[in-house]
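In what follows, a single structure is set out as structure tokens and then discussed.
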Amino acid sequence: MAITAAMVKDLREMTGAGMMDCKKALNETNGDMDAAVEYLRKNGQAKAEKKAGRIAAEGLCKIAVKDDKTAAVVEVNSETDFVAKNEDFQAYVAAVAEQAVNSDAADLDAFLAEPWSADSSKTVKDALVDKVAVIGENLSIRRFEKVVAENGCVVSYVHGGGRIGVLVEAETNVVNDAVKEALTNLAMQIAALNPKYVSTDEVSEEYKAHEKEILKAQIANDPKMAGKPENVIEGAVAGRLAKELKEVCLLEQVYVKAEDGKQTVAKYMEEVAKANSADLKVKRFVRFETGEGIEKKEENFAEEVAKQMNQ
């Protein structure tokens, strides 16, 4: 069967694959459009496997909000920042976030095995493989988290065009614009200062004991503390631990917009609660930062381009 330019165009629009790949697929399948789509999918699988060893440490965090009580944040990684800025990739990550906010999956494996909302004949993983074939880089749905507030609300904040995504869940009997604005301010603080806990109540005794041992070792090596009585050393350890906990616990941090430069987040929330006659409590937060914890591979860009041209 003669393969026409119109057939190639139609297949390209259906799949997003390259023009030469579409022409080859039609030739291999004697012009059968459905078979050509399947051919490209299988070819995409091969491309995805070939690229799977390459480090995907760039990408985006996206958030989907269902209502005041339900939201989800996802991190999808790409190999390069160039692809992270691509509109097609951004739209795909937004679709993954929408999938997550409507998902009941308990973990990533279950999420990847779900039917893809845009095409139930595929799984989420199948759709990812297809996108790898179209974009031409290794992509990875690294993680997702869905937050459902049963007795309050959830607010979201995205920083740096998707570099950081934050969700804050609060228990509150009043959900109005002022309360949501205050929680959004907290989300911005979380994005900037990266606390690990809501309050010191969440910090385990094991963590405190471990940190105390480290602080004791630091003090033992401090010439200024040499020969000091044990009670002085214990006081110094307690003081330094308290300072450290203020840095990693949200409510103990100084509120970044505090007019006096001293007000804590806890005091700020007390003010907001009083002003709105609300029982208001920060229950938890989720903070995703693109690529955190992933070791990035340093490569010569010119060499990488040359490799791509010779493939």
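We use all heavy atoms of the structure for the numbers below, so side chains are in, but hydrogens, waters and symmetry mates are not.
Inter-residue side-chain proximity for Leu241 and Leu215 is flagged as met; some heavy-atom pair is nearer than 4.5 Å. Annotation: side chain of Met269 is in contact with side chain of Leu183 (closest heavy-atom distance under 4.5 Å). Annotation: side chain of Val158 is not in contact with side chain of Ile164 (no heavy-atom distance under 4.5 Å). Taking 4.5 Å as the limit, some side-chain heavy atom of Asn176 sits within range of a side-chain heavy atom of Asn276. Taking 4.5 Å as the limit, some side-chain heavy atom of Trp116 sits within range of a side-chain heavy atom of Val96. Considering only heavy atoms from C-beta on, Val174 comes within 4.5 Å of Thr172 through its side chain. Between Val148 and Lys66, the closest side-chain pair of non-hydrogen atoms is not below 4.5 Å. Leu280 places a side-chain heavy atom less than 4.5 Å from the side chain of Val272.
In this structure, Asn30 contributes its side chain and Leu26 its backbone to no donor-acceptor pair below 3.5 Å. Listed for the Asn173 side chain is no donor-acceptor partner under 3.5 Å among the backbone atoms of Ala278. Glu79 places a side-chain N or O within donor-acceptor distance of the main-chain N or O of Asn138, the cut-off being under 3.5 Å. Between the side chain of Asn194 and the main chain of Ile190, no donor-acceptor pair closer than 3.5 Å is present. Between the Gln99 side chain and the Pro115 main chain, a donor and an acceptor come within less than 3.5 Å of each other. A distance-only check finds no donor-acceptor pair linking the side chain of Lys125 to the backbone of Leu112 [under 3.5 Å]. Side-chain atoms of Glu202 come within 3.5 Å of backbone atoms of Val198 as a donor-acceptor pair (strictly under, hydrogens ignored). A donor-acceptor pair under 3.5 Å is formed between the side chain of Glu75 and the backbone N or O of Gly291.
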Evaluate the side chain to side chain contact (heavy atoms under 4.5 Å, CB included) criterion for residues Val254 and Gln263: first the C-alpha distance (whole Å), next the side-chain angles of each, then the deciding distance (0.1 Å), finally the verdict. CA-CA 6 Å; Val254 173; Gln263 183 188 39; 6.0 Å; no

Passes side chain to side chain contact (heavy atoms under 4.5 Å, CB included), Leu251 versus Thr264? Steps please. CA-CA 7 Å; Leu251 295 180; Thr264 64; over 6 Å; no

Would Glu289 and Arg287 count as a salt bridge (Lys or Arg N to Asp or Glu O under 4.0 Å) if you check the C-alpha gap in whole Å, the side-chain angles of each, and the deciding distance to 0.1 Å? CA-CA 7 Å; Glu289 182 169 353; Arg287 182 187 187 275; 3.0 Å; yes

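Following chains of ILVMFWY side-chain contacts shorter than 4.5 Å, one cannot reach Leu167 starting from Leu60, and the two form parts of different hydrophobic clusters. Transitive grouping of hydrophobic side chains (ILVMFWY, heavy atoms separated by less than 4.5 Å) brings Val265 and Val282 into a common cluster. The hydrophobic clustering, which links ILVMFWY residues whose side-chain heavy atoms are closer than 4.5 Å, places Phe285 and Val154 apart. Hydrophobic clustering places Leu128 together with Val124 (ILVMFWY residues linked when any side-chain heavy atoms are closer than 4.5 Å, directly or through intermediates). Using a 4.5 Å cut-off between side-chain heavy atoms of Ile, Leu, Val, Met, Phe, Trp and Tyr, with links allowed through other members, Ile141 and Val101 fall into different hydrophobic clusters.
No donor-acceptor contact under 3.5 angstrom links the side chains of Asp88 and Gln90, judged on distance only. In the model, Glu58 has no side-chain atom that pairs as donor or acceptor with a side-chain atom of Ser78 under 3.5 Å. Thr123 and Asp126 are linked by a side-chain donor-acceptor pair at a separation below 3.5 angstrom, with hydrogens and angles left out of the test. For Gln253 and Gln189, the side-chain atoms include at least one donor-acceptor pair closer than 3.5 Å. Donor-acceptor pairing under 3.5 Å is recorded for the side chains of Glu114 and Ser103.
A search for side-chain contact (heavy atoms from CB on, under 4.5 Å) contacts involving Lys228 returns Met225, Val232, Ile233, not counting sequence neighbours.
Ionic pairing of Glu150 and Lys69 is not present here: no N-O contact between side-chain nitrogen and carboxylate oxygen is shorter than 4.0 angstrom. Between Glu206 and Lys208 there is no salt bridge, since none of the side-chain N atoms of the basic residue sits less than 4.0 Å from a carboxylate O of the acidic one. Using a cut-off of 4.0 Å between Lys/Arg side-chain N and Asp/Glu carboxylate O, Arg284 and Glu145 are scored as salt-bridged. Under 4.0 Å is where a charged nitrogen must lie from a carboxylate oxygen, and between Glu270 and Lys267 at least one such pair does. Looking at Glu292 and Arg143, a side-chain N of the basic residue comes within less than 4.0 Å of a carboxylate O on the acidic one, giving a salt bridge. Residues Lys216 and Glu234 are paired through a salt bridge, judged by an N-O separation under 4.0 Å between the basic side chain and the carboxylate.
Taking both residues in full, the closest heavy atoms of Thr70 and Asp67 are given as N-OD1, 2.9 Å, listed atom of the first, atom of the second, then distance. The two atoms that bring Lys180 and Val155 nearest to each other are O-CG1, 3.9 Å, heavy atoms only.
A side chain to side chain contact (heavy atoms under 4.5 Å, CB included) with Cys61 is found for one member of Thr290, Val76, Val166 and no other, namely Thr290.
With values rounded to the nearest 0.5 angstrom, Ile63 atom CD1 is found 9.5 Å from Phe288 atom CZ. The structure places OH of Tyr92 at 7.0 Å from CG of Leu139, a figure rounded to the nearest 0.5 Å. Going from atom CG of Asp130 over to atom CD1 of Ile135 covers 11.5 Å, rounded to the nearest 0.5 Å. Here the straight-line distance linking atom CZ of Phe144 with atom CG of Asp107 works out to 7.0 Å at 0.5 Å rounding.
Judged as a ring pair (Phe, Tyr, Trp, His ring centres under 6.0 Å), the pairs with a partner in residues 239-280 (not counting sequence neighbours) are, in order, Tyr255-Tyr268.
Dense packing is recorded around CG of Asp260, with more than 12 heavy atoms of other residues, nucleotides or ligands lying under 6.0 Å away. More than 12 heavy atoms of other residues, nucleotides or ligands lie within 6.0 Å of OH in Tyr207, so this atom counts as buried by the packing criterion.
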